[in-house]
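Bear in mind the structure is a predicted one, so any value in this text is a computation, not a measurement. When reading the values below, keep in mind they use all heavy atoms of this one structure, side chains included, and skip hydrogens, waters and symmetry mates. For the single chain, residues carry numbers from 1 onward in sequence order.
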Amino acid sequence: MSAFPTRSFSSHMRQPSMSANAASTGQSPALVARVNEKKAELENLRELRDLSAAVASQMEALEQKLATLSDGTEAIAMVMGNWHNVLRAINMASAKLAKPSSTNDTPSAQDAVPLPQTLVRIPTEHAPALQAHADGATEEA
């Protein structure tokens with residue numbers, strides 16, 4: 001006698017498939033229905049996972065947009081806060097206007113509206129040199 005089984009290879013291959021068919025047809029309909037319910041539940045859970053991932057990515061994008069909006073709001077608030085200083089500087093420059101002389105009676109001179117003094121901006125790359133110059137002038141005085 002041989003130590004190996006006497007069945008042929010083809011009978012081994014067919015038997016599991018036959019037993020699976022027998023198991024699925026031999027099981028109770030309640031068990032088959034429960035397995036189908038669990039498969040549907042698994043599919044729903046997978047769909048829920050995918051939708052949750054999509055919502056999470058949308059929330060992250062929204063977070064980035066809100067951070068940008070917040071930064072922009074802070075910048076606008078800073079600009080609005082500086083308008084008082086800008087208007088005050090314009091008012092100071094306008095107050096230092098030379099009064100038109102009353103001896104000049106030409107109509108074009110009377111119709112001309114005096115403009116405020118030109119406001120000059122100093123580039124920031126020269127600021128350290130100008131500060132040093134201003135400090136040196138202060139020390140000399």
Side-chain angles (χ1 to χ4, degrees), residues 2-141:
S2 151
F4 298 102
T6 56
R7 288 192 205 164
S8 68
F9 183 68
S10 61
S11 67
H12 280 290
M13 292 301 286
R14 278 185 283 174
Q15 191 169 3
S17 64
M18 287 176 19
S19 66
N21 288 339
S24 66
T25 58
Q27 292 178 351
S28 68
L31 188 57
V32 171
R34 182 159 180 181
V35 167
N36 289 336
E37 285 177 14
K38 292 295 180 180
K39 285 181 181 178
E41 185 180 348
L42 177 63
E43 185 60 34
N44 288 337
L45 287 173
R46 286 180 179 160
E47 185 177 350
L48 180 63
R49 180 195 61 203
D50 294 341
L51 291 174
S52 296
V55 167
S57 65
Q58 288 176 355
M59 293 302 269
E60 289 172 358
L62 182 62
E63 176 191 12
Q64 292 172 351
K65 289 178 182 179
L66 286 175
T68 302
L69 184 63
S70 175
D71 293 342
T73 304
E74 289 173 6
I76 289 171
M78 191 168 65
V79 168
M80 293 300 291
N82 287 334
W83 270 110
H84 174 71
N85 295 331
V86 170
L87 294 175
R88 190 169 43 134
I90 291 171
N91 187 27
M92 287 172 40
S94 297
K96 293 184 179 182
L97 280 177
K99 302 289 182 201
S101 64
S102 59
T103 59
N104 191 354
D105 291 335
T106 60
S108 63
Q110 290 176 353
D111 293 339
V113 177
L115 298 175
Q117 294 291 326
T118 304
L119 300 177
V120 179
R121 291 185 178 226
I122 300 172
T124 57
E125 63 260 10
H126 301 297
L130 291 173
Q131 184 65 35
H133 179 67
D135 290 342
T138 306
E139 290 174 3
E140 291 174 6

| Taking atom CD of Gln64 and atom CD of Glu60, what is their separation to the nearest 0.5 Å? | 7.5 Å
| query | Rounded to the nearest 0.5 Å, how far does CG of Asn44 lie from CD of Glu37? | reply | 11.5 Å
| field | Salt-bridge present (Glu41, Lys38; N to O < 4.0 Å) | value | yes
| query | Quick one: which of Asp50, Leu51, Leu45 gives a side chain to side chain contact (heavy atoms under 4.5 Å, CB included) with Glu47? | reply | Leu51
| task | Taking the side chain as every heavy atom from C-beta outward, state whether Lys65 and Leu69 have any atom pair closer than 4.5 Å. | result | no
| request: Would you please say whether a donor-acceptor pair under 3.5 Å links the side chains of Arg88 and Asn91? | output: no
| query | Is the shortest heavy-atom distance from the side chain of Ser52 to the side chain of Leu48 under 4.5 Å? | reply | yes
| Quick one: CG on Leu66 to CG on Asp71, what's the gap to the nearest 0.5 Å? | 11.0 Å
